[in-house]
Amino acid sequence: VFDSVAEAQKRTGANASILFVPPAGAADAIMEAADAGIEVIVCITEGIPVHDMIRATAFVRKRGAVLVGPNCPGLISPGQTKVGIMPSDIHLPGRIGVVSRSGTLTYEAVDQLTRNGFGQSTCIGIGGDPIIGQTFTDILKRFDADPDTDAVVLIGEIGGTAEQEAAEYVRDHSRKPVFGFIAGRTAPQGRRMGHAGAIVSGRSETSEEKSAYLAACGIICVDALAAIGDTVRRTLS
């Protein structure tokens, strides 16, 4: 037990930190970790005030650290390391990358991949809050550069335009097949569904419109989460 993150980093050489700090103090905990030289910061906490996260994300970028979350399950490279809260027993080492705004839907997709014999290289939950450290596009760039990843499963949600921006990256730059699913098909406009960032404020933010845009950009989309495993198997085999 250490009195500060800086002391812990100095004495152990730690390069990653996972935070469960309650919302009121989470932004300060993120910044303390970045200031101590932690390279990868995973924040599980949900409901951090938006103004706090604006300040914290700017601080993290200035320090050159990578923030995953908040409001996320973390990340795992099966058989190598886990910095998160996902059930590791459903994962299988392999070559499919998974990136998602939803923790629970990530677990479902991973379980389907594993049951179909497709292991995962790395699975990352980027978080469902309005302000997060890593976007879909950030992670897709990393998967593109990863020699251990052959294809990617992307699980998005209603609300915002992060999925559309990711689709444009796939269309213009990606060299690997990407499979996509957008949750929230029955969500009414203007009502938050689950995550703070999952609220439809315009037509382009609905599940149908996002799915259509992803498909137009070359992403292989499925209409039901339960179809991910079979679709990956049929396409890649």
Side-chain angles (χ1 to χ4, degrees), residues 68 72-82 84-128 134-158 162-186 194 206-237:
V68 178
C72 79
L75 66 156
I76 181 173
S77 292
Q80 299 184 59
T81 190
K82 180 177 90 167
I85 59 173
M86 64 285 294
S88 56
D89 58 341
I90 64 172
H91 293 78
L92 177 73
R95 304 186 64 84
I96 307 296
V98 179
V99 57
S100 173
R101 282 170 68 179
S102 166
T104 306
L105 298 188
T106 304
Y107 311 154
E108 173 62 28
V110 165
D111 186 60
Q112 289 183 43
L113 291 171
T114 297
R115 290 176 182 272
N116 278 274
F118 288 94
Q120 306 86 47
S121 55
T122 298
C123 305
I124 302 178
I126 61 174
Q134 293 289 292
T135 66
F136 280 122
T137 304
D138 293 330
I139 302 304
L140 286 171
K141 290 178 180 178
R142 293 180 181 274
F143 279 140
D144 250 350
D146 179 21
D148 295 324
T149 298
D150 293 337
V152 179
V153 172
L154 183 153
I155 303 174
E157 294 179 350
I158 59 171
E163 290 83 359
Q164 290 93 320
E165 293 161 11
E168 291 168 1
Y169 170 82
V170 171
R171 179 192 63 198
D172 297 337
H173 303 288
S174 185
R175 305 181 303 277
K176 301 176 181 180
V178 178
F179 301 85
F181 170 73
I182 304 297
R185 184 174 295 274
T186 61
T206 65
S207 174
E208 291 84 354
E209 291 294 325
K210 284 193 176 190
S211 295
Y213 195 83
L214 266 61
C217 290
I219 294 176
I220 304 164
C221 291
V222 298
D223 292 330
L225 183 66
I228 288 177
D230 287 341
T231 303
V232 170
R233 177 176 49 81
R234 289 197 307 269
T235 303
L236 296 186
S237 51

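Please read all numbers here as calculations on a predicted model, not as lab measurements.
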Using atom types as modelled and distance alone, determine if a side-chain donor or acceptor of Asp146 lies under 3.5 Å from a backbone N or O of Phe143. no

Spatial distance of atom OG1 (Thr135) from atom CZ (Arg101) [nearest 0.5 Å]: 11.5 Å

How close do Ser211 and Cys221 get, counting heavy atoms only, and between which atoms? O-SG, 3.6 Å

Between Val68 and Gly125, which heavy-atom pair has the shortest distance, and what is it? CG1-O, 3.5 Å

Assess whether a salt bridge exists between Arg115 and Asp111, defined as any Lys/Arg side-chain N lying under 4.0 Å from an Asp/Glu carboxylate O. yes

Option passing side chain to side chain contact (heavy atoms under 4.5 Å, CB included) with Tyr107 (candidates Cys123, Pro73, Ser102): Pro73

How far does CD of Glu208 sit from CD1 of Ile182, to the nearest 0.5 angstrom? 10.5 Å

Looking at NZ of Lys82 and CG of Leu75, how far apart are the two atoms once the value is rounded to the nearest 0.5 Å? 11.0 Å

From CG (Leu140) to OG1 (Thr137), nearest 0.5 Å: 6.0 Å

Nearest non-hydrogen partners of Ser207 and Ala183, listed with the distance: CB-O, 4.4 Å

Sidechain-backbone polar pair: Arg171 side chain, Ile219 backbone, donor-acceptor under 3.5 Å: no

N/O donor-acceptor pair under 3.5 Å between Thr149 side chain and Ser121 backbone: no

Minimal heavy-atom distance between Ala151 and Leu236, with the atoms involved, is CB-CD1, 4.2 Å

Is the side chain of Gln120 donor-acceptor paired with the backbone N or O of Phe118 at a distance under 3.5 Å, no angle test? yes

Is it the case that the side chain of Gln80 and the backbone of Thr122 share a donor-acceptor pair, with hydrogens and angles ignored and the cut-off at 3.5 Å? no

Should the pair Lys141-Asp144 be classified as a salt bridge under the 4.0 Å nitrogen-to-oxygen rule? no

Apply side-chain contact (heavy atoms from CB on, under 4.5 Å) to His91 and Ile76, showing your working. CA-CA 9 Å; His91 293 78; Ile76 181 173; 3.6 Å; yes

Using a cut-off of 6.0 Å, state whether more than 12 heavy atoms not belonging to Arg233 lie near its atom CZ. yes

Ala145 and Pro147 have their tightest heavy-atom pair at O-CD, 3.3 Å

Working to the nearest 0.5 angstrom, can you tell me the gap between Leu225 CG and Leu105 CG? 5.5 Å

Name the one of Ile124, Ile155, Val170, Val99 that satisfies side chain to side chain contact (heavy atoms under 4.5 Å, CB included) with Phe136? Val99

Strictly distance-based, threshold 3.5 Å: is any side-chain N or O of Lys210 a donor or acceptor partner for the main-chain N or O of Glu163? no

Ile126 side chain near Ile139 side chain, heavy-atom distance below 4.5 Å: yes

Between the main-chain N or O of Ser77 and the side-chain N or O of Thr81, is there a donor-acceptor pair closer than 3.5 Å? no

Test side-chain hydrogen bond (donor to acceptor under 3.5 Å, both in side chains) on Gln164 and Glu168; report intermediate values, then the result. CA-CA 6 Å; Gln164 290 93 320; Glu168 291 168 1; over 6 Å; no

Report the C-alpha distance between Val232 and Asn116 in whole Å, list the side-chain angles of each, state the deciding distance to 0.1 Å, and finish with yes or no for side-chain contact (heavy atoms from CB on, under 4.5 Å). CA-CA 9 Å; Val232 170; Asn116 278 274; over 6 Å; no

CD1-CD1 distance between Ile228 and Ile96, expressed to the nearest 0.5 angstrom: 12.0 Å

Grab the two heavy atoms, one from Val178 and one from Ser174, that are nearest each other, plus how far apart they are. CG2-OG, 4.1 Å

